[in-house]
Amino acid sequence: MLELVNIHTYYGNIQALKGVCLEVNEGEIVTLIGANGAGKSTTLMSICGIVPPRSGEIRFQGRPIHHLSANRIVAQGICQVPEGRRIFPHLSVLENLDMGAFLRADAHGIKADLEYVFELFPILAQRRHQPGGTLSGGEQQMLAVSRALMARPRLLLLDEPSLGLAPLVVKQIFEILRVINQKNGTTLFLVEQNANLALKIAHRGYVLENGRITLSDSADHLMVNEAVRKAYLGL
Amino acid sequence: MNFDYFFQLFLGGLTRGSIYALIALGYTMVYGIIELINFAHGEIYMIGAFTALIVIGVLTFAGWNGTAVLVIAAIVAMLYAAAYGWTMEKIAYKPLRKAPRLSALLSAIGMSLFLQNYVRLAQTANFLPFPNLIPDFAFLKPAARFIRPSEIVIYATTAIVMAGLTLLIKFTRMGKAMRATAQDREMAQLLGVDVDRVISTTFVLGSATAALGGVLIASHVGQINFYIGFLAGIKAFVAAVLGGIGSLPGAVLGSLVLGWTESFFTGYVSSDYEDAFAFLFLVLILIFRPSGILGRKAMEKV
């Protein structure tokens with residue numbers, strides 16, 4: 001479904017990605033783990049067209065997307081929940097969700113999806129008229145995931161959804177990610193520093209080090225891989 | 001205390017404030033979205049007035065007259081100015097969007113000087129008379145010593161424009177995209193917002209509004225030249241900062257406060273220092289309330 005072939009991405013003169021190759025198949029949960037500064041977020045921003053790669057190819061459903069503008073890429077069915085949640089602080093919860101459905105015109109479908117996310121996260125329904133900036137960190141993450149779901153993406157990219165959240169909230173959010181994947185068939189590409197958490201939910205995983213993929217295997221194998229255990233699982 | 005005199009100054013201040021508001025709205029919208037003080041915004045106001053004068057000239061020559069001429073001239077001026085605003089953004093600001101903010105600011109000042117001098121060369125450096133085509137409303141006859149017909153038109157237009165923009169920003173799809181872009185441009189892109197279009201729309205709306213202000217004040221004052229945009233632009237900028245730059249209600253409130261302050265100051269103290277007083281005001285705001293009356297504190301929690 002998504003293929004990255006030899007992606008090189010730069011910030012000015014600094015090279016962040018040095019030939020990343022990876023693949024995400026339809027219906028999968030794939031995780032990308034790695035240390036701080038390995039290039040995980042850059043990979044997602046390259047896919048989304050915010051920091052377009054300088055060379056290499058990104059294909060989505062067989063078609064190259066790396067030279068499309070960010071908004072066109074969203075229109076292809078890719079949506080990202082970026083690091084730090086990035087809720088619009090002065091828009092209400094409802095308006096934030098509306099922004100998720102920005103490119104959609106099917107009023108009925110939007111309404112149904114709104115009810116669906118309120119079902120997933122009832123707290124958001126309670127807070128629907130509150131400005132997004134007044135929500136707690138956990139609620140903001142729920143809103144960020146819901147906002148992305150409102151776009152009804154075929155591929156959902158998540159950047160460190162567990163960062164800075166209480167364990168209970170993390171559990172709840174990952175539970176819902178699993179549901180989204182299994183029930184709705186949404187493909188997930190999950191960037192995480194918390195490798196333990198990510199590998200539990202994912203089917204396959206990649207390890208990113210200094211802008212290069214150094215390891216790729218099924219999640220179960222990565223879990224027991226000596227190097228991964230030492231470097232990322234703290235065992 | 002002479003109440004008549006007070007009331008005249010009050011209405012005079014309201015007129016000034018309304019005009020500042022029409023210009024300040026554009027400043028504040030552009031700032032809200034790309035954090036740029038568009039110093040060429042006052043020039044758009046001036047170009048609006050010039051365009052209207054030319055259209056009025058042509059239509060009058062063709063034998064038209066009356067209010068219809070003014071309405072057509074105002075519409076043409078708004079469209080023309082909107083095209084200027086759109087082009088200006090593409091030429092002077094878009095290439096600098098990722099550059100340091102100072103570069104864009106210098107580009108704005110350069111654009112302002114260019115437009116002023118271009119109009120001076122293409123038109124004239126002299127003052128040109130601007131015909132008053134606003135009808136003498138019969139219902140205003142009893143109040144004629146306080147208020148001129150042009151003033152009523154200015155109040156009404158400002159109120160309508162302000163309400164229209166507020167509704168647009170609050171309820172339309174484009175308005176929501178504008179607010180989202182103002183708060184987090186990259187996130188808006190990640191949700192499919194075409195940010196280039198949002199920015200262009202902002203320039204188009206702001207420019208059309210400023211042009212409308214230019215036409216109205218030209219009708220009210222009765223003359224224009226290439227330099228009118230400069231002072232009006234700077235004053236509107238002061239008003240936008242006073243109200244809290246980036247905030248639409250703030251721009252209107254700041255404009256009215258500045259208009260009244262100037263009017264009462266000239267009326268009761270001295271008319272010699274009118275402009276100096278406006279800038280003194282700016283200095284005081286920057287010292288004591290840098291975020292303005294309705295401005296937001298730098299940032300809430302992320």
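Naming: A, B, ... by sequence-line order, numbering from 1 per chain. Treat the numbers as computed from the prediction; the structure is a model and nothing was measured.
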Kindly determine whether Leu190(B) and Arg86(A) satisfy side-chain contact (heavy atoms from CB on, under 4.5 Å), including the steps that lead there. CA-CA 10 Å; Leu190(B) 284 174; Arg86(A) 311 274 291 259; 5.8 Å; no
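Within a 6.0 Å radius of OH in Tyr93(B), more than 12 heavy atoms belonging to other residues, nucleotides or ligands are found. Other residues, nucleotides and ligands contribute only 12 or fewer heavy atoms inside 6.0 Å of the NZ atom of Lys170(B). Within 6.0 Å of atom OH in Tyr118(B), 12 or fewer heavy atoms from other residues, nucleotides or ligands are found, so the atom counts as exposed in its surroundings. By the neighbour-count criterion of 12 heavy atoms within 6.0 Å, atom CD1 of Ile287(B) is densely surrounded, having more than that number from other residues, nucleotides or ligands.
Contact annotation for Ala177(B): both backbone and side-chain heavy atoms come within less than 4.5 Å of a heavy atom of chain A. Contacts of Asn96(A) with chain B are absent, with no heavy-atom separation under 4.5 Å from either backbone or side chain.
Judged by the 6.0 Å and 45° rule, Arg179(B) forms no cation-pi pair with Phe88(A).
The candidate from Glu95(A), Gln80(A), Met45(A) with the greatest count of non-hydrogen atom pairs under 4.5 Å with chain B is Glu95(A). Taking Asp196(B), Asp194(B), Leu191(B) one by one and counting their heavy-atom pairs under 4.5 Å with chain A, the maximum is reached by Leu191(B).
Between the side chain of Glu186(B) and the backbone N or O of Ile50(A) there is no donor-acceptor pair closer than 3.5 Å.
Checking each of Met187(B), Gln183(B), Lys176(B) against Met99(A) for a side chain to side chain contact (heavy atoms under 4.5 Å, CB included) leaves exactly one that passes, namely Lys176(B).
Closest approach of Gly192(B) and Val74(A) over heavy atoms only: N-CG2, 3.6 Å.
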